[in-house]
Amino acid sequence: MRLLAANKRSQGAALKKQSLVTYSNPNSVISDQFRTIRANLHFLTKESTSKLFLITSPKEGEGKSTMAANLAVSMAQQKDKVLLIDANLREPVIHDIFNIQNTGGLTGVLENEVTFEEAVYQTRIENLDILTSGAALSNFVELLGNEKMESLLTRFADCYDAVLIDSPAVLASPETRVLSTYCEGVVLILKRGKTEIEKIEEAKRVLDIAEARLVGVIVNEK
């Protein structure tokens with residue numbers, strides 16, 4: 001574990017500048033830190049052909065979705081073709097951060113209501129696509145843990161240089177543990193002054209049991 005300092009629809013609304021610092025202020029110190037994180041991820045996984053990364057946290061409210069969104073923007077700015085997936089079917093927020101509609105989405109694809117090409121949003125940011133969560137369903141654990149989800153991720157990995165998955169908190173959601181096994185690496189988001197040591201240790205234990213590969217930790221200052 002390391003500390004890491006088809007018909008596409010266009011996005012019509014403005015991005016939320018307060019959340020996406022890497023987009024609104026690409027020359028800031030924070031944006032530079034995200035570039036460092038991107039470089040570290042590349043270094044840690046350079047031998048792998050799969051670039052599927054799960055972004056999670058021990059518990060909710062630690063800023064993982066904002067971190068995932070900014071990391072995706074930073075990767076796209078470096079000319080990587082990036083897909084950001086909102087797999088937090090419990091409390092999705094990626095569509096709010098990017099100010100796009102949450103229609104179709106991941107659940108729509110998994111339920112065969114729409115194709116991936118119909119569900120994906122092409123953002124204003126070059127090289128960055130978004131797959132929102134889609135409609136709320138009661139069987140999300142089964143949806144994310146089935147073979148179709150695994151095959152979809154394999155397909156996405158073939159189409160993109162990097163796929164980032166924003167997932168629920170690992171200690172609160174069994175589907176996160178399943179998703180972690182599909183990915184090349186897991187990035188754990190912690191919040192300085194809020195995430196308890198016991199929760200960090202428990203999250204690490206859960207990921208170890210799932211045989212997930214924890215490639216790094218990001219400490220969120222806000």
Side-chain angles (χ1 to χ4, degrees), residues 1-5 19 34 37-38 40-41 44-45 48 50-75 82-98 105-107 110 130-134 136 140-145 149-150 152-153 156-157 162-222:
M1 180 173 64
R2 304 195 184 188
L3 181 64
L4 303 177
S19 298
F34 275 101
I37 293 169
R38 183 202 68 83
N40 287 345
L41 282 177
L44 290 171
T45 60
S48 173
S50 175
K51 299 298 181 183
L52 290 165
F53 297 104
L54 189 77
I55 313 297
T56 189
S57 57
K59 58 183 184 179
E60 296 296 344
E62 294 173 315
K64 62 175 178 52
S65 297
T66 300
M67 300 294 280
N70 277 282
L71 183 56
V73 171
S74 182
M75 287 180 163
V82 181
L83 175 66
L84 175 60
I85 301 174
D86 193 344
N88 187 354
L89 306 187
R90 298 169 184 264
E91 297 182 44
V93 297
I94 292 297
H95 64 284
D96 285 333
I97 293 175
F98 286 88
L106 178 59
T107 57
L110 292 174
I130 304 289
L131 182 61
T132 64
S133 65
F140 45 76
V141 176
E142 291 79 8
L143 273 178
L144 296 180
M149 182 64 186
E150 185 175 9
L152 273 175
L153 291 178
F156 298 159
V163 178
L164 302 184
I165 304 171
D166 179 31
S167 73
V170 66
L171 296 182
S173 311
E175 66 269 26
T176 298
R177 303 164 207 179
V178 176
L179 287 172
S180 70
T181 65
Y182 301 155
C183 297
E184 166 61 22
V186 176
V187 178
L188 195 65
I189 307 300
L190 311 177
K191 193 166 187 177
R192 187 180 296 278
K194 180 177 179 180
T195 309
E196 300 91 343
I197 295 296
E198 294 79 10
K199 297 297 183 183
I200 299 172
E201 293 174 343
E202 187 179 352
K204 176 66 165 56
R205 212 162 32 241
V206 167
L207 292 170
D208 285 344
I209 292 172
E211 298 184 349
R213 183 188 178 197
L214 182 58
V215 295
V217 172
I218 299 175
V219 180
N220 184 10
E221 298 285 348
K222 292 187 177 182

_Ionic contact status for E175 with R90, cut-off 4.0 Å_ = yes
*Is the shortest distance from a Lys or Arg side-chain nitrogen in K51 or E184 to a carboxylate oxygen in the other one below 4.0 Å?*
no
What is the distance from atom [atom1] of [X] to atom [atom2] of [Y], rounded to the nearest 0.5 Å?
X    : Y    : atom1 : atom2 : answer
K204 : E201 : NZ    : CD    : 10.5 Å
L190 : S57  : CG    : OG    : 8.5 Å
T132 : I97  : OG1   : CD1   : 12.5 Å
R213 : S180 : CZ    : OG    : 13.0 Å
L144 : R177 : CG    : CZ    : 13.5 Å
L214 : L54  : CG    : CG    : 10.5 Å

Minimum heavy-atom separation for [X] and [Y], please, with both atom names.
X    : Y    : value
F53  : L41  : CE2-CD2, 4.2 Å
L171 : P58  : CB-O, 3.1 Å
I165 : C183 : CD1-SG, 3.7 Å
E62  : N220 : O-ND2, 3.2 Å

Kindly indicate whether the side chain of [X], heavy atoms from C-beta on, has any atom under 4.5 Å from the side chain of [Y].
X    : Y    : answer
V206 : T176 : no
K64  : D166 : yes
R192 : V219 : yes

*Answer yes or no: is there a donor N or O on one side and an acceptor on the other, between the side chain of K194 and the main chain of G61, under 3.5 Å?*
yes
*Given N88, which of S173, P168, S133 fulfils the side chain to side chain contact (heavy atoms under 4.5 Å, CB included) condition?*
P168
